[in-house]
Amino acid sequence: MCLPALIVVFIVVITLLCLRYFHNKQEFKPCLYYKKSRVSVVIKKGCKRFNEDYRPTFWATNRHIQTILPLIWPWWQEDLEFKREYLQMADKGVVALDWVAVDDNTLTKMSPVMILIPDLTGAAADMVAACTEVLARKFRPVVFNRRGHGGTSLSTYRLQSFGDAHDIDEAIQFIRHMYPYSEMFAIGFSTGSGLLMSYLGETGIATQLNAAVCISPCYDAEGLFKSNITPEPYNWLWTLKLKSILRQHPCLGNVINFNLALQSSSIKELDERVYVKLNQYNSLDEYWRFNDPMRNVTNITIPVLCVSALDDPICTKDTIPFSLFKTSSNLFLVTTEKGGHCGFLENGIPSSWANKLACDYLETVFHQGIPKQTDENHVHFFPEFNGTRNRSYTT
């Protein structure tokens with residue numbers, strides 16, 4: 001087909017899509033689940049997006065497209081420069097914090113800090129859109145990378161298990177030490193939400209965070225991964241990406257059967273062959289008993305918003321504990337009919353509605369001055385972070 005004909009076909013297709021958009025536009029009212037309290041009244045009134053319709057990208061309403069598109073088509077994202085900071089943990093392990101590079105005129109030492117926690121295999125490069133939105137709201141974005149993730153070398157024979165909050169706890173204490181006069185917030189994505197919930201449940205009233213958002217959290221991680229019911233192709237995709245990370249650390253062959261681990265065909269097999277052994281659990285049952293993100297959910301003492309799509313192909317609607325949100329004063333749930341898993345794309349050129357909602361919610365908490373519960377008798381000890389070094393890169 002000649003070039004002029006291709007141009008005509010392209011124009012016709014775009015015209016038909018635009019007509020469909022304007023004449024068959026889908027709108028969905030978000031549903032909010034919460035227990036009425038003083039905090040909920042302030043948040044519901046201050047966060048206007050709760051009362052506005054969510055309009056999915058007209059050519060990407062399918063739940064699988066919503067889920068996969070952000071992973072394979074990031075061309076609309078802006079370039080951001082990150083400055084990496086390596087932190088040595090108490091057990092000599094190393095994690096990396098990726099700070100968005102900003103000039104002194106954009107933020108101040110008192111600007112609120114926003115910690116972004118990617119999914120099971122994500123890194124800063126996957127957080128560009130979220131970081132851009134966060135920065136536009138005058139928050140200081142920083143991406144937390146698990147041990148061995150994001151190109152970080154291992155200094156110990158250990159990868160972070162699913163719900164182990166020790167590393168994120170130490171990282172948050174370090175950030176508090178860096179910005180003692182700033183309020184701190186966090187957004188977790190997918191399994192990153194699980195890590196965030198684990199941290200909030202374990203630290204309880206001692207948390208350094210003022211509020212948090214969990215986008216597409218997995219409310220039944222044990223059932224999803226231990227029972228090996230993760231739907232395809234997502235099980236295959238996550239397993240492939242986890243094995244790609246594992247290949248970057250052949251040193252682990254000293255403590256596990258490395259070749260057998262690389263032959264794993266599911267996350268369950270990887271858990272059994274890698275994470276159970278590296279973290280010295282006796283069995284997969286014991287591993288999930290200590291790593292279920294919901295194990296201490298009743299200990300959470302700050303306002304946490306969970307955002308879930310009812311068409312999520314991974315964390316399905318039948319796993320959402322609606323009663324939990326109706327009986328807890330600190331937990332809020334927003335559901336939408338469409339959105340997939342961590343998609344929530346809107347507009348002709350897609351952008352994340354969930355990212356905007358998360359920032360709206362956390363801005364409301366920040367500007368309304370909602371106090372977090374504190375324990376005046378609790379004393380925080382900051383571990384020594386030796387060997388810290390920095391580098392910059394652009395994604």
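Everything numeric in this text was worked out from a predicted model, so none of it was measured. Quick note: residue numbers are just sequence positions, from 1.
No side-chain N or O of Q160 forms a donor-acceptor pair with one of R147 less than 3.5 Å apart. Side chains of S190 and H341: a donor-acceptor N/O pair is present below 3.5 angstrom, by distance only. In summary, the side chains of K44 and Y34 do present a donor paired with an acceptor at a separation below 3.5 Å, with no hydrogens or angles considered. A donor-acceptor pair shorter than 3.5 Å can be found between the side chains of Y199 and T207. One side chain, N254 or Y157, offers a donor N or O that lies under 3.5 Å from an acceptor on the other. Side chain to side chain, N291 and S161 meet the donor-acceptor criterion of an N or O pair below 3.5 Å. A donor-acceptor contact under 3.5 angstrom links the side chains of Y219 and S308, judged on distance only.
Counting only residues at least two apart or in different chains, ring-ring contact (aromatic ring centres under 6.0 Å, His included) contacts with residues 241-279 are absent. For residues 94-114, the set of pairs meeting the ring-ring contact (aromatic ring centres under 6.0 Å, His included) definition, not counting sequence neighbours, comprises W99-Y179. Residue pairs satisfying the salt bridge (Lys or Arg N to Asp or Glu O under 4.0 Å) criterion with at least one member in residues 150-163, sequence neighbours excluded, are listed as follows: D91-R158, R158-D164. Annotation: ring-ring contact (aromatic ring centres under 6.0 Å, His included) contacts involving residues 292-314, sequence neighbours excluded, are absent. Under the side chain to side chain donor-acceptor pair (under 3.5 Å) criterion, the residue pairs touching residues 106-117 are D103-T106, T108-S111, with sequence neighbours excluded. A ring-ring contact (aromatic ring centres under 6.0 Å, His included) check over residues 297-329, counting only residues at least two apart or in different chains, returns the pairs Y33-F322. Within the structure, every pair that satisfies the salt bridge (Lys or Arg N to Asp or Glu O under 4.0 Å) test and touches residues 213-224, not counting sequence neighbours, is listed here: E222-K226. The salt bridge (Lys or Arg N to Asp or Glu O under 4.0 Å) analysis of residues 233-253, with sequence neighbours excluded, yields no pairs. Residue pairs meeting the salt bridge (Lys or Arg N to Asp or Glu O under 4.0 Å) criterion with at least one member in residues 294-321, sequence neighbours excluded, are E202-R295.
Considering all non-hydrogen atoms of both residues, L196 and A186 come closest at CD1-CB, 3.9 Å. Across all non-hydrogen atoms, the minimal contact from A261 to I256 is CB-CD1, 4.4 Å. Residues G150 and N145 share a closest heavy-atom pair of CA-OD1, 4.1 Å. A pairwise comparison of heavy atoms in S216 and G340 identifies OG-O, 4.2 Å as the closest pair. What you find for T57 and N347 is that their closest heavy atoms are OG1-O, 2.8 Å. A96 and T152 make their closest contact through CB-OG1, 3.5 Å (heavy atoms, listed as atom of the first residue, atom of the second, distance).
A distance of 6.0 Å or more separates the ring centres of W288 and Y281.
I245 and V276 fall into different hydrophobic clusters, where Ile, Leu, Val, Met, Phe, Trp and Tyr residues are linked whenever their side-chain heavy atoms come under 4.5 Å apart, directly or through other members.
Between L237 and L71 the shortest side-chain heavy-atom distance falls below 4.5 Å. Side-chain contact between I187 and I117 is absent, with no heavy atoms from C-beta onward closer than 4.5 Å.
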Carefully, step by step, assess L278 and L252 under the rule side chain to side chain contact (heavy atoms under 4.5 Å, CB included). CA-CA 9 Å; L278 292 182; L252 294 177; 4.0 Å; yes
Before giving the answer on side chain to side chain contact (heavy atoms under 4.5 Å, CB included), spell out for F28 and T61 the whole-Å C-alpha distance, their side-chain angles and the decisive distance to 0.1 Å. CA-CA 12 Å; F28 300 98; T61 57; over 6 Å; no
Taking it one step at a time, do E133 and R137 satisfy salt bridge (Lys or Arg N to Asp or Glu O under 4.0 Å)? CA-CA 7 Å; E133 184 68 35; R137 308 296 186 96; 2.9 Å; yes
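Residue H166 places its NE2 atom among 12 or fewer non-hydrogen atoms of other residues, nucleotides or ligands, all under 6.0 Å distant. Counting non-hydrogen atoms of neighbouring residues, nucleotides and ligands closer than 6.0 angstrom, the NZ atom of K356 exceeds 12 such neighbours.
With sequence neighbours excluded, no residue forms a side chain to side chain donor-acceptor pair (under 3.5 Å) with K35. Legend: residues meeting side chain to side chain donor-acceptor pair (under 3.5 Å) with T319, ordered by chain and number and at least two apart, are absent.
A salt bridge links R55 with E27: the distance from a Lys NZ or Arg NE/NH1/NH2 to an Asp or Glu carboxylate oxygen falls below 4.0 Å.
In this pair, F139 and F185 present their aromatic rings perpendicular. The plane angle is above 60°, beyond the 30 to 60° band.
Atoms OG and CG, on S193 and D119 in that order, are 9.5 Å from each other to the nearest 0.5 Å. E363 contributes atom CD, which lies 9.5 Å from atom CZ of R49 (distance to the nearest 0.5 angstrom).
Under the 4.5 angstrom side-chain criterion for Ile, Leu, Val, Met, Phe, Trp and Tyr, the cluster partners of M110 are Y181.
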